[in-house]
Number of protein chains: 2
Amino acid sequence: MVSIYDIAKAVGVSASAVSYVLSGRADKARISKEKQKLIMDAANRMGYIPNMTARKLSLRNMPRLPEIALCWSPEQHPMFLNTFIGILQDMTSNGLVRQMQFTILPYRNGELEKLAPALTANYYNGIIIPPVSEQDIEFLKNTDIKVPTVMLYGDIPQYHLVTVDNYSIGTEIAGIFHRHGCRSAALMQPASRQMSITVAQRTAGFLEGCRKSGIDAREVTSLSNETYTNKIEEGRILAAKMLEENTLPSAIYIQHDTLALGALAVFCGHGIRIPEDMEVIVYGNNESLEIHKPSVTTVQYPTQEISRECITVMAELLDKPGAEPVRRIVETPFVFRESCPP
Amino acid sequence: MVSIYDIAKAVGVSASAVSYVLSGRADKARISKEKQKLIMDAANRMGYIPNMTARKLSLRNMPRLPEIALCWSPEQHPMFLNTFIGILQDMTSNGLVRQMQFTILPYRNGELEKLAPALTANYYNGIIIPPVSEQDIEFLKNTDIKVPTVMLYGDIPQYHLVTVDNYSIGTEIAGIFHRHGCRSAALMQPASRQMSITVAQRTAGFLEGCRKSGIDAREVTSLSNETYTNKIEEGRILAAKMLEENTLPSAIYIQHDTLALGALAVFCGHGIRIPEDMEVIVYGNNESLEIHKPSVTTVQYPTQEISRECITVMAELLDKPGAEPVRRIVETPFVFRESCPP
DNA sequence: GTGAAAGCGCTAACAC
DNA sequence: GTGTTAGCGCTTTCAC
């Protein structure tokens, strides 16, 4: 990395002159125009990029905010990140939590390991990770992160946790289908490069619940090597496949809101009456499910509450680093609508 | 701020001992158990939070990534941030752009000014700002940011720009309605605390286009002091209001995708035939519009392309800081569907 | 086991 | 106008 000293040497001036010019305060130090140009040119030529770390350290009167790394995989629910930032903005401006600075560390599901250097180097005051794939959980279990770390979903003993009770969601849905006298049920879920543990937990709960209730349950999903332009299309294709096979169950639990919109479009388009022919429950939080005809019973994916809880826990941890790992389970309310009455 | 020296003094040991203990390497320096405990306790008691800036500066072998501030208002399109991070992850892992570190600076529309200290202090290697309100534009015009700065939407001479041609979108839609022989048109838009300039530009284009074509155009929007649980509900209420007034236009241009879903639910529920009774064009990128019955003609809000362009521009700027401001206009393709044929 | 001291790259007060 | 120098708070080597 080229520093202001390199430039100073190259141009034949002192480092402070370079500093003044490159941080836009040349006038303040009354550096001559010619020297300014020489310095600017050299900086450009040599590919100088200021080291903000050093700059910040020397800037005395700047507020020093704790830096939190927010590991983020775009395969999360597409609205979640926006919700998270919204809640953060809200809580901070209302003085509910201390100010913090969030840096996004993007990763793909299953490739969290690539962030290992940043995570293990004590580079941040805190870390937030929503590890959704088994592989990432495995990596985290075997990694020694020494700064306060909050997991979403992935229950790993040494770290703090904010999650929902995915397994119970599955069994409760199975229970509802059972009470309604359903004999057969389907479980529809999106394909992904890496099976999400949250989906897997709900799946396990649902299948176990069905088994106990004597409901004949089967999974509907696409091969992971197929690709779709979006979740709507995937839902349509999965639904079409079910119709082709001509073995519609009396109830279906769809694990993803947008997927559900696609699937429902096909079911309704083929004259399947919901809930008479088939009851539908969806996990997610897409507002469209509310105005869908018929309106759709959902288990709410509580992104707002998860965000709030996560931010709260992180803010508390900063002040007591050695604290015992906390476990916070966020509620997932059922919202009963036409597609599956209570 | 309490430093390791404060702790060292309080406990009566050297700063290096404190450093070892607090960064989890006490064993490496063979610090006695008692001293470790004393140091830990003092740190907790005194509310010590490590200064990551200093830590990073002294860590020699860490990769130094340019730090980019991403100013973000949650009032942006809810999927945009996720898309942005997804594209970033993609471009970086494919080696299309250099590695960068993104820090999120949350703000509310109209309150960008509160970020002024962070923006003007040369605290970041680059800054990205999507200023959507007039007030924030005004603030930026009068602010001297010295680091490479990319604006989305807000055209301000001294900064770089990535945007779409909002005005033309408005006029083109008016032109389509005109070609179809519409005599009257409505323009529906979401209420917001701060009128978004992008919405305002499309509005201006549309109204001017209507005026030139002799279309009688009127705006439908809610009072900014009303609040809604979500955009769907807002759309439903706006549509209901139009039905009450019993003056349906022959075409409507809806400025927001989710708002449109709510409004369309009401229109269709009241037997309004689309496009026969009323043509509909929507600006946005919600996938549901594609499977809506009838499917909805949209002008695509190209969040992916905007993100890609923005990241590209920023990466280029880092290497040539003094460059002339660039202007990149991203295409906004029309997708014609049933609600308004070409 | 422990502490002194050098250095990370930069800013800014100050001397010239 | 320009250069010297003392920090910013931390890590890490090395001497004791």
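The figures that follow rest on heavy atoms only: side chains count, while hydrogens, waters and symmetry mates do not. Residue numbers start from 1 in every chain, and the chains themselves are labelled A, B, ... in the order their sequence lines are given, proteins ahead of strands.
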Using heavy atoms to find the nearest nucleotide of DNA chain C for S58(A) and A54(B) separately, return the residue whose nucleotide is more 5′. A54(B)
Nearest-angstrom distance from the residue atom CD1 of I7(B) to P of dC10(D): 8 Å
Look at the side chain of K35(B) and decide which nucleotide, out of dG9(D), dC10(D), dG3(C), has an atom nearest to it. dG3(C)
Overall bend of the helix from dG1(C)-dC16(D) to dC16(C)-dG1(D) (five pairs an end, 10° steps) is 50°
Evaluate the side-chain proximity of I127(A) to I68(A): yes if any heavy-atom separation is below 4.5 Å, no if none is. no
The answer to which of S23(B) and S16(A) contacts DNA chain D further toward the 5' end, by nearest nucleotide, is S16(A)
Students often get this wrong, so: under 4.0 angstrom with heavy atoms, is K56(A) touching a base, only sugar-phosphate, or nothing? nothing
May I ask you to say what L59(A) touches in the nucleic acid, namely base, sugar-phosphate or nothing, with a heavy-atom cut-off under 4.0 Å? sugar-phosphate
Thinking salt bridges, do K56(B) and E67(A) make one under a 4.0 Å N-O criterion? yes
Side-chain heavy-atom pair L22(B), P50(B) within 4.5 angstrom cut-off: no
Please confirm whether the shortest side-chain N or O distance from S32(A) to OP1 or OP2 of dG1(D) is below 4.0 Å. no
Could you tell me if the side chain of I85(A) sits less than 4.5 Å from the side chain of N82(A), heavy atoms only? no
Are any side-chain N or O atoms of S19(A) and backbone N or O atoms of A15(A), one a donor and one an acceptor, separated by less than 3.5 Å? no
